[in-house]
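The block underneath contains the structure these notes are about, expressed in structure tokens.
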Amino acid sequence: MTFTAADHDFMARALRLAEQGLFTTTPNPRVGCVLVRDGAVVGEGWHARAGGAHAEIHALDAAGGHARGATAYVTLEPCSHHGRTPPCADALIAAGAARVVVAMRDPNPQVGGKGIEKLRAAGIAVDEGLMASEARELNIGFVSRMERGRPWVRAKLAASLDGKTALVNGQSQWITGPEARRDGHVWRARACAILTGAGTVREDDPRLTARDVDTDRQPLRVVVDSHYETPPTARILAGGNALVAVAREDAAKAAALRAAGAEVTALPDPRGKVDLPRLLRLLAERGVNELHVEAGHRLNGALLSEGLIDELLLYFAPTILGSGREMFPLPEIADLAGRRDLSIIDLRRVGNDIRVLARPLA
């Protein structure tokens with residue numbers, strides 16, 4: 001299928017609309033829709049939050065009777081099943097859409113091409129694959145959860161140019177500048193959950209909430225705490241919406257954490273630590289698409305060693321610390337063949353700092 005310049009323009013507009021739900025759609029995907037008839041936009045919309053109307057419904061409501069004979073540009077295949085809302089494929093058919101352009105198929109097994117089949121069976125022309133990579137990136141966490149049964153794990157680290165994340169004594173606030181810290185909160189806000197370790201909770205007592213961001217949703221806060229080291233007074237537990245993953249049962253200590261507002265779950269591995277792959281599966285079952293990690297060097301190293309980090313969000317400050325904590329306390333390698341190579345996805349300046357978005361190469 002050859003798409004026109006106009007097709008690209010309208011799909012790009014639909015993707016920009018989908019981004020309006022960046023902070024709020026979880027656990028649902030971010031979706032935008034643009035309805036076009038005779039070269040003019042007659043309706044558009046995006047999905048804002050789970051349980052609310054989908055993007056196609058907002059666009060159809062805006063278009064009214066002008067939807068008949070129109071082309072719908074949708075960033076994700078219209079759903080074909082009854083969930084919290086009726087199937088969008090049925091709504092497009094009932095409205096008389098003539099053509100539907102889909103960026104990517106829905107990775108959800110409940111849909112997975114069934115929406116496209118339903119539209120074609122009703123005589124609607126369907127073209128797919130336009131700006132598919134952009135649509136996939138927008139919903140990379142949702143795709144990960146559907147295809148791998150685990151969230152997309154993004155580890156955020158702030159470091160000096162010589163790769164130190166903290167002083168030897170643990171002091172780390174603040175290595176980077178205010179602009180980088182604000183940018184980090186945007187990444188927190190788009191995540192479904194934020195993960196840290198008990199060591200970070202003890203040393204920094206962080207809240208790990210998304211601040212300076214226009215959103216009414218806060219991510220679930222998750223603490224990896226093998227030995228019940230999280231104090232019940234920790235700020236991360238305030239207000240609930242917190243999960244503490246432990247490596248053994250201890251009724252009294254668990255009760256104290258629950259009284260502070262936390263959920264406690266034991267996920268032991270054979271070494272007496274928290275089973276991290278199992279924790280990721282549990283979070284996926286709870287609808288977590290993107291997991292944002294802000295942890296200390298030990299947990300970061302464990303996640304990287306187990307191949308559980310999908311993406312690194314690195315902020316480098318223009319400063320040299322000399323001695324201090326490394327990003328990842330990994331075993332020494334004797335040959336460069338054992339190095340862990342990355343692919344840089346994005347590189348930009350944020351305030352006076354440098355931000356690198358990179359992914360481990362397979």
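- Taking SG of C192 as the start and CZ of R286 as the end, the distance is 12.0 Å to the nearest 0.5 Å.
- The minimum heavy-atom distance linking T200 with G296 is given by the pair OG1-N, 3.2 Å.
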Before giving the answer on side chain to side chain contact (heavy atoms under 4.5 Å, CB included), spell out for E290 and R154 the whole-Å C-alpha distance, their side-chain angles and the decisive distance to 0.1 Å. CA-CA 7 Å; E290 294 184 21; R154 180 181 297 112; 3.0 Å; yes
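- Between the side chain of D225 and the backbone N or O of A198, no donor-acceptor pair lies under 3.5 Å.
- The CZ atom of R211 sits 12.5 Å away from the CZ atom of R182 when rounded to the nearest 0.5 Å.
- At distances below 3.5 Å, not a single donor-acceptor pair connects side-chain atoms of R188 with backbone N or O atoms of P219.
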Test side chain to side chain contact (heavy atoms under 4.5 Å, CB included) on V100 and Y73; report intermediate values, then the result. CA-CA 6 Å; V100 177; Y73 294 86; over 6 Å; no
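- Although no hydrogens or angles enter the test, the distance criterion places a donor-acceptor pair under 3.5 Å between the side chain of R258 and the main chain of V264.
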Could you check E294 against H292 for side chain to side chain donor-acceptor pair (under 3.5 Å), going step by step and ending with a plain yes or no? CA-CA 7 Å; E294 291 195 27; H292 180 88; 2.9 Å; yes
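- Under the 4.5 Å side-chain criterion, counting only non-hydrogen atoms from C-beta, N352 is in contact with P318.
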Before you tell me yes or no, could you show the steps for L303 and L276 under side chain to side chain contact (heavy atoms under 4.5 Å, CB included), namely the whole-Å CA-CA distance, both residues' side-chain angles and the distance that decides it to 0.1 Å? CA-CA 8 Å; L303 289 166; L276 296 174; 3.9 Å; yes
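- In this structure, Y315 OH and L357 CG are separated by 9.0 Å, a value rounded to the nearest 0.5 Å.
- Nearest heavy atom pair, residue L119 against residue P78, reads CD1-CG, 4.1 Å.
- More than 12 heavy atoms of other residues, nucleotides or ligands sit less than 6.0 Å from atom CZ of R202.
- In terms of heavy atoms, H47 sits closest to N28 at NE2-ND2, 3.1 Å.
- Using a 4.5 Å cut-off on side-chain heavy atoms (C-beta onward), R13 and E44 make contact.
- The neighbour count for I354 CD1, taken as heavy atoms of other residues, nucleotides or ligands under 6.0 Å away, does not exceed 12.
- Judged by distance alone, the side chain of K164 and the main-chain N or O of G322 form a donor-acceptor pair under 3.5 Å.
- A salt bridge links D216 with R49: at least one charged nitrogen is closer than 4.0 Å to a carboxylate oxygen.
- A donor-acceptor pair under 3.5 Å is formed between the side chain of R181 and the backbone N or O of T176.
- In terms of hydrophobic clustering, with Ile, Leu, Val, Met, Phe, Trp and Tyr side chains grouped at heavy-atom distances under 4.5 Å, I124 and V101 are assigned to different clusters.
- Counting heavy atoms from C-beta on, the side chains of T319 and L161 never come closer than 4.5 Å.
- Contact between A189 and V213 at its shortest, heavy atoms only, is CB-CG1, 3.7 Å.
- In this structure, the side chains of E56 and C33 come closer than 4.5 Å at one or more pairs of heavy atoms.
- In this structure, the side chain of R349 engages the main chain of G351 through a donor-acceptor pair within 3.5 Å.
- A salt bridge links E137 to R359: one of the charged nitrogens lies within less than 4.0 Å of a carboxylate oxygen.
- Between N289 and V143 the shortest side-chain heavy-atom distance does not fall below 4.5 Å.
- Between the side chains of R217 and T215, no donor-acceptor pair of N or O atoms lies under 3.5 Å.
- For the pair L138/E19, a side-chain contact is recorded, criterion being any heavy-atom separation below 4.5 Å from C-beta on.
- Contact of the R105 side chain with the E128 side chain is registered, since non-hydrogen atoms from C-beta on lie closer than 4.5 Å.
- Under a 3.5 Å cut-off, the side chain of Y228 and the backbone N or O of R248 do form a donor-acceptor pair.
- Residue F142 is not grouped with residue F23 when hydrophobic side chains (ILVMFWY) are merged at heavy-atom distances under 4.5 angstrom, including chains of intermediate members.
- Side-chain contact between L312 and L342 is present, with heavy atoms from C-beta onward closer than 4.5 Å.
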Between R207 and T209, does the side chain to side chain donor-acceptor pair (under 3.5 Å) criterion hold? Intermediate values first, please. CA-CA 5 Å; R207 286 177 284 173; T209 53; 4.8 Å; no
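- Interatomic distance, K156 NZ to R355 CZ, rounded to the nearest 0.5 Å: 12.0 Å.
- With K118 contributing its side chain and I93 its backbone, the two residues share no donor-acceptor pair below 3.5 Å.
- Judged purely by atom type and a 3.5 angstrom limit, R235 uses its side chain to pair as donor or acceptor with the backbone of D205.
- Expressed to the nearest 0.5 Å, how far CD1 of I236 lies from CG of L208 amounts to 4.0 Å.
- Hydrophobic clustering of Ile, Leu, Val, Met, Phe, Trp and Tyr side chains at less than 4.5 Å, counting indirect connections, unites L76 with L92.
- Annotation for P206 and V201: closest pair CD-CA, 3.8 Å, computed over non-hydrogen atoms.
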Could you please spell out the steps behind the side chain to side chain contact (heavy atoms under 4.5 Å, CB included) verdict for T165 and E326? CA-CA 6 Å; T165 61; E326 304 287 348; over 6 Å; no
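- Of the possible polar contacts, none joining the S144 side chain to the I140 backbone as a donor-acceptor pair under 3.5 Å is found.
- L314 and V350 end up in different hydrophobic clusters when Ile, Leu, Val, Met, Phe, Trp and Tyr side chains are linked at under 4.5 Å.
- Considering all non-hydrogen atoms of both residues, T196 and A295 come closest at OG1-CA, 3.8 Å.
- In this structure, L283 CG and R145 CZ are separated by 11.0 Å, a value rounded to the nearest 0.5 Å.
- For D214, the CG atom is loosely surrounded, since the number of other residues' heavy atoms within 6.0 Å does not exceed 12.
- Taking the ring axis of W46 as reference, the NZ or CZ atom of R30 does not stay both within 45° of it and closer than 6.0 Å to the ring centre.
- Connection of L304 to V274 is established within a shared hydrophobic cluster, with ILVMFWY side chains joined at heavy-atom distances below 4.5 Å, either directly or through further cluster members.
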